[in-house]
Number of protein chains: 2
Amino acid sequence: MRGVMLYAPRDVRVVDRADPVCVEPTDAIIRLAATCICGSDLWPYRGIDRVDGPVPMGHEYVGFVEDVGAAVTTVRRGQFVVGSFFASDNTCEICRAGYQSSCVNRQPMGELGAQAEYLRVPLADGTLVATPAAPPDDLVPSLLAASDVLGTAWFAADAAQVSPGKTVVIVGDGAVGLLAVLAARHRGAERIIVMSRHEERQKIAWEYGATEIIPERGDDGVARVKALTNGLGAHCAIEAVGTQEAMMQAIRATRPGGHVGYVGVAHGVQLPGDELFFSHVHLHGGPAPVRRYLPELIDLIWSRRIDASRVFDLALPLAEAARGYQAMDERRAVKVLLTP
Amino acid sequence: MRGVMLYAPRDVRVVDRADPVCVEPTDAIIRLAATCICGSDLWPYRGIDRVDGPVPMGHEYVGFVEDVGAAVTTVRRGQFVVGSFFASDNTCEICRAGYQSSCVNRQPMGELGAQAEYLRVPLADGTLVATPAAPPDDLVPSLLAASDVLGTAWFAADAAQVSPGKTVVIVGDGAVGLLAVLAARHRGAERIIVMSRHEERQKIAWEYGATEIIPERGDDGVARVKALTNGLGAHCAIEAVGTQEAMMQAIRATRPGGHVGYVGVAHGVQLPGDELFFSHVHLHGGPAPVRRYLPELIDLIWSRRIDASRVFDLALPLAEAARGYQAMDERRAVKVLLTP
């Protein structure tokens, strides 16, 4: 099969890889209907995360079950399935508490490489959720988004305790930040303040339900949020970047007793304990337990109550993955969908 | 009147100070029945917090209302009252959300100096809660504890989401840590693991409901907690020290999805963002909004369902405050009660 490999920073190639087969009886093999490039793929692409030799890329996937191991009971050949970027057993104590991305048996899908024609999914029963039927083409992008960015946005809004009547500030206007606008609106937030200075992304934010957009960053951005919230700060903040500046912006824009949900993969972040102490915020986040939200998200997408497809502003054949990475790196695209 | 002043590190004196009077119409003056020395008073006493010239000390207090300003309506002369270490209006949006220690009009009581015969309490209506009557002598220590350490322990257990069936680990065996054992038991925790290596404090921890006590610290302490919890870590951790080691111990001893309540005043703490991200814990804490818990705590003390007095293991006349500071500094006393 063909699959994407990263050879070195900015050296992405689509190459021949061995067709995956079931290794464990709990595995499934899926034929990908669509896959995509994640903002977090840019960390190794840019050389910020170290790259050792050619590594398979991609951890977002939807497709048809091609084969299942002998122990798999909940999905069967021919079904269309959505999975999360961590395979999980969904039965351990941590999974049952809703933290499947910290499952005691978790396996990162990124190591298997979902930017490919076929994918081996470990712990298939715990990881995959089937849709009611083969989806119409126009629902595939939203279902694909559920595999990571949409599920991550849902978790972020949950971690930030977004609820009716509250004011939410969203730091980050990538796919997760934009879908967090959708999540916040879905949860009934009264005001949704988005920090963004990119016109194309602002447009999507408005469409998804932003009520205010502010271009300022850092202290100026915090001051704008305070000015909009009677000097108190927002009830909820969603951090979807992963940098020191974004984290501090989210914490400082939140009122005492408020909630910060952070889902940007932390890079070089150091939180000053004394400031955090006196901020009085709640802090929760991490790698989203997307599996927790898949049944709900599939239902919302299937019944066309939400449409996450707006974040895909570039679609390419898998063979042109390198162009997709370039477009995201240069911020010419929010998120790139790849069709095998 | 007589009052305690800190002149320089380890130089505590009981000196003549001007009798306080109502300055604002919202003030009250109370005649202290008892006051005490806080673990946090040791930060300036030891010179870790900078000390500028003689400053009044003390922020924990119970006593009789001696005078009230013209605008005070909820407490009256002669009542016995308990207050918190931050004066708060209890009416602003932050107070109404339960974060009175971040009240938009808050005033730190420490600057007024509660280790004295009399104390001016700003925002008396929002800050003070009267007991049903003048308390019997044996309830005074518990009511005094409610003013800070007991209320702080209650907040810590709340922030750590302690509830029936859960396993709680408590880092810190000072007055707050020990009262957190009481708080955890009161909230129905199934297992209460206390990290302590001091025999006298362990004794109090057992009395308050500890189910396990482990002397190890750092990585060894974390490994012990994991071994006791099926490799997963505790559901809840309470941090009651304020150092880097204690914070990391609390975070690392908590399972993914668990809750860390931290109330030790952070000193030199820097939280690594990536470790926090992948830990999947909830983090909440800060200066306890003691006012939120005062009505409940007074009721529990008055009806003798809880007894917080065990943490006072040394009682001295106010005149001997310096001896009290010494005893706490040298860990010969958990907490020192001072009688004016």
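Order of the sequence lines sets the chain letters (A, B, ...), proteins ahead of strands, with each chain counted from 1.
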Find the N and O donor-acceptor pairs between chain A and chain B that sit under 3.5 Å apart.
| unit_1 | atom_1 | unit_2 | atom_2 | d |
| --- | --- | --- | --- | --- |
| A:E93 | OE2 | B:R255 | NH1 | 2.8 |
| A:S102 | OG | B:H280 | ND1 | 2.7 |
| A:R255 | NH1 | B:E93 | OE2 | 2.7 |
| A:Y262 | OH | B:L276 | O | 3.3 |
| A:V269 | O | B:G273 | N | 2.7 |
| A:L271 | N | B:L271 | O | 2.8 |
| A:L271 | O | B:L271 | N | 2.8 |
| A:G273 | N | B:V269 | O | 2.7 |
| A:L276 | O | B:Y262 | OH | 3.3 |
| A:H280 | ND1 | B:S102 | OG | 2.7 |
| A:H280 | NE2 | B:P287 | O | 2.7 |
| A:V281 | O | B:H284 | ND1 | 3.0 |
| A:H282 | NE2 | B:H284 | NE2 | 3.3 |
| A:L283 | N | B:L283 | O | 2.8 |
| A:L283 | O | B:L283 | N | 2.8 |
| A:H284 | ND1 | B:V281 | O | 3.0 |
| A:H284 | NE2 | B:H282 | NE2 | 3.3 |
| A:P287 | O | B:H280 | NE2 | 2.7 |

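- Across B:P287 and A:F278, no two heavy atoms sit closer than the pair CG-CD2, 3.9 Å.
- In terms of heavy-atom pairs under 4.5 angstrom with chain A, the leader among B:I94, B:V269, B:L271, B:V263 is B:L271.
- Qualifying side chain to side chain contact (heavy atoms under 4.5 Å, CB included) partners for A:A146, counting only residues two or more places apart in sequence or in other chains: A:V82, A:L150, A:L294, A:L297, A:I301.
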From CA spacing to verdict: side-chain contact (heavy atoms from CB on, under 4.5 Å), B:V104, A:L232
CA-CA 8 Å; B:V104 298; A:L232 301 177; 3.6 Å; yes

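- Of the listed residues (B:G231, B:P256, B:G268), the greatest number of heavy-atom pairs within a distance under 4.5 Å of chain A belongs to B:P256.
- Side-chain contact between B:L283 and A:L276: present, with at least one pair of heavy atoms (C-beta onward) separated by less than 4.5 Å.
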